[in-house]
Participant: 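What follows is a structure written as C-alpha cells; I'll ask about it next.
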Number of protein chains: 2
Amino acid sequence: MSRAPNPQLRQALVATAAEVFAEQGLDRARVSDITDRAGTSKGAFYLYFESKEALYLQVARAFLQDLLAHLRAYDDEACSLGAMGPAEERTQELDEKFCAFLWGRRLELRMVLEGAAGTELAYLADEFLDSVVHHMREDIARNVRAHPPLAQVIDAEFGAMMAAGIVYMYARQIIRATTPPDMARQVTRFRQHVLVALCQSLPPTLDASLVAAPLEAKP
Amino acid sequence: MSRAPNPQLRQALVATAAEVFAEQGLDRARVSDITDRAGTSKGAFYLYFESKEALYLQVARAFLQDLLAHLRAYDDEACSLGAMGPAEERTQELDEKFCAFLWGRRLELRMVLEGAAGTELAYLADEFLDSVVHHMREDIARNVRAHPPLAQVIDAEFGAMMAAGIVYMYARQIIRATTPPDMARQVTRFRQHVLVALCQSLPPTLDASLVAAPLEAKP
DNA sequence: ACCTGAACACCGTTCAAGT
DNA sequence: ACCTGAACACCGTTCAAGT
C-alpha cells in the first residue's frame with residue numbers, strides 16, 4: 001500500500017523506477033528490473049505501490065506538476081511573443097531556463113512522451129502537449145490584446161500548435177542526447193526574426209510603435 | 001512463414017492487424033485479437049508471420065515507403081518555402097494532398113508515431129520525423145540557393161525542425177479525430193504570412209525581386 | 001498440405017509462510 | 001510488522017496431432 005513503513009526502500013523504488021521506466025517504457029519494464037536494482041523482492045513492490053502502472057503514473061504526474069509550475073512562472077514574466085529590444089535578453093533567459101528544466105528532467109520527459117504511448121497512460125503525452133499549447137495560446141492572445149493589429153498576422157491557435165511542435169521536437173532531441181542540446185538560442189533567434197518581420201509587415205501606421213517599443217509585461 | 005499458401009487469409013490478417021495495432025499498440029495488441037477477428041486460430045498466425053513484431057514492422061514499413069514517395073513527389077513540384085503569387089495555389093494544393101494522404105493512412109500513422117513507442121520498433125517514429133525533417137531541410141536549402149539573402153533570416157536546420165513539429169502536431173490531430181481536420185489552409189496561410197514578412201525584412205535592395213516574383217520551380 | 005489448440009515460457013500480481 | 005518467493009493468470013510462441 002501507499003503508506004508502507006520503510007520510506008528508504010520506498011524512495012529507492014521510486015528513483016529506480018524512473019530510470020527503468022525511462023529506459024524501457026511502461027510495458028517493457030519488468031517489476032523485477034526495478035526490485036532487483038533496488039535490492040528487494042518482487043513481492044515487496046506491492047507493499048508500496050498498487051501496481052506498476054500506479055507507480056508510473058505517480059512519477060509522471062509529479063513531473064507534469066512541475067512543468068505546469070514552470071509554465072506559470074514563465075507567464076508571470078514579460079516573455080511575450082512580441083517582446084523585443086530590452087526585453088529580449090530576459091526572454092532568452094527564460095527560454096534557457098525552460099530548456100534546462102526539460103534537460104534536468106529528461107527521464108520523466110521520456111516517460112511522459114514515449115514510455116506510455118500505446119498504454120492506458122497514453123494521455124500523459126497529451127497532457128504535456130496540451131499544457132504547452134495552452135500556455136502558448138494564452139501568451140499569444142495576451143500580446144494580441146495589447147496590440148490588436150497583430151491579430152491580422154498571428155492566428156493564436158495555429159501559432160500555439162506550432163510552438164508546441166517546436167517544444168516537442170526539442171524534447172525528442174533531449175531524450176536522445178547525451179549532452180544538453182543548446183536550443184534556447186535558436187528559439188529566441190527565430191522568434192525575433194519572424195516577429196520583427198511580422199510587425200514590419202503590418203500596416204505602415206503601426207510599424208513604428210511595434211518595432212521600436214518592446215511589449216510591456218502584463219500588468 | 002512469409003510464403004504461406006492461403007493468400008486470402010494472409011491478407012485478412014494484415015488488414016485486421018492494422019486495425020488492432022492502431023487501436024492497441026504493439027505490446028497491448030493480442031495475437032488472439034487479430035486471429036479472432038480474422039476468423040482463424042492463434043497457431044495459424046505463425047504460419048504467415050514470424051512474430052507479432054514482424055507483422056507490425058511490415059505494415060509500418062509499407063506506410064513509410066509511401067510517405068517517402070509522397071515527399072519526393074512534393075519535392076518535384078515548385079512547392080517552395082518562398083513560393084508566392086501564382087505558385088501559391090499550387091502549393092496549397094500540394095499541402096492538401098499531403099494532409100489527405102495522412103488522413104487516408106491514419107491507422108498506420110498511429111502505429112508508427114505511437115503504437116511502437118517504448119518497444120524495439122520505436123525507431124519507426126524517428127524514421128517518420130527524420131524523413132519529414134530531411135525533406136524540409138532540402139526544400140529550404142533549395143530556396144536559399146536560389147535566393148542567397150534568405151540565408152540571413154532562415155536557418156535551414158531549425159526551419160526544418162519547426163516544420164516537422166507542425167506536421168507532428170497535425171498528425172496527432174488526425175490520429176484522434178473522427179472527421180478529417182482541415183489544416184492545409186492554415187499551413188499555407190502561415191507560410192505566406194511569415195515568408196512575405198521575412199522577405200520584406202531583408203535588405204531593401206532585395207525586397208522588390210523577392211516579394212514581386214515567386215521563386216521558380218527547381219530546374 | 002493446412003490448421004488447431006494444448007503446452008511451455010515469461011512476467012504482473014497475490015498470498016501463505018518465514019523472520 | 002515486514003518481507004519473501006512459490007503459485008496463479010495472461011499471453012506470445014511452439015509443436016504434436018487432427019482433417
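Throughout, protein chains are lettered first and strands after them, A, B, ... in sequence-line order, and every chain is numbered starting at 1.
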Participant: Starting from P on D/dA1, measure out to CG on A/Leu9 and report it in whole angstrom.
Facilitator: 18 Å

Participant: Starting at CG of B/Asp36 and ending at C1' of C/dG5, how long is that distance when rounded to a whole Å?
Facilitator: 13 Å

Participant: A/Phe101 vs A/Phe63 aromatic rings, parallel, tilted or perpendicular, using cut-offs 30° and 60°?
Facilitator: parallel

Participant: Less than 4.0 Å between a side-chain N and a carboxylate O, is that true for B/Glu23 and B/Arg28?
Facilitator: no

Participant: DNA chain C in dot-bracket, Watson-Crick or G-U pairs under 3.5 Å, [ ] crossing, | other strand?
Facilitator: ||.|||||...|||||.||

Participant: Under 4.0 Å between a side-chain N or O of A/Asn6 and OP1 or OP2 of D/dC3?
Facilitator: yes

Participant: Determine whether A/Lys52 and A/Arg30 make a side-chain contact, defined as any pair of heavy atoms from C-beta on separated by less than 4.5 Å.
Facilitator: no

Participant: Output a table of nitrogen or oxygen pairs between the protein and nucleotides 10-13 of chain C separated by less than 3.5 Å.
Facilitator:
residue, atom, partner, partner atom, Å
C/dC11, OP1, A/Arg30, NE, 3.0
C/dG12, OP1, A/Ala29, O, 3.0
C/dG12, OP1, A/Lys52, NZ, 3.3
C/dG12, OP2, A/Val31, N, 3.0
C/dG12, N7, A/Lys42, NZ, 3.3
C/dT13, OP2, A/Tyr46, OH, 2.3
C/dT13, OP2, A/Lys52, N, 3.1
C/dT13, O5', A/Tyr46, OH, 3.1
C/dT13, O4, A/Lys42, NZ, 2.9

Participant: Under a 3.5 Å threshold, yes or no: a donor from one side chain and an acceptor from the other, between A/Tyr123 and A/Asp130?
Facilitator: no

Participant: Within the pair B/Tyr48 and C/dC2, is there a side-chain N or O less than 4.0 Å away from OP1 or OP2?
Facilitator: no

Participant: Using side-chain heavy atoms (C-beta onward) and a distance below 4.5 Å, is B/Tyr48 in contact with B/Thr40?
Facilitator: no

Participant: Are A/Glu138 and A/Arg145 within salt-bridge range, i.e. N to O under 4.0 Å?
Facilitator: no

Participant: Would you check if the side chain of B/Tyr56 reaches a backbone N or O of B/Met111 as a donor-acceptor pair within less than 3.5 Å?
Facilitator: yes

Participant: State, yes or no, whether a side-chain contact exists between A/Arg176 and B/Asp126 at a heavy-atom distance under 4.5 Å.
Facilitator: yes

Participant: Ignoring backbone atoms, test whether B/Thr40 places a side-chain nitrogen or oxygen under 4.0 Å from the OP1 or OP2 oxygen of C/dC3.
Facilitator: no

Participant: Heavy atoms under 4.0 Å, any strand shown: does B/Ile34 hit a base, just sugar-phosphate, or nothing?
Facilitator: nothing

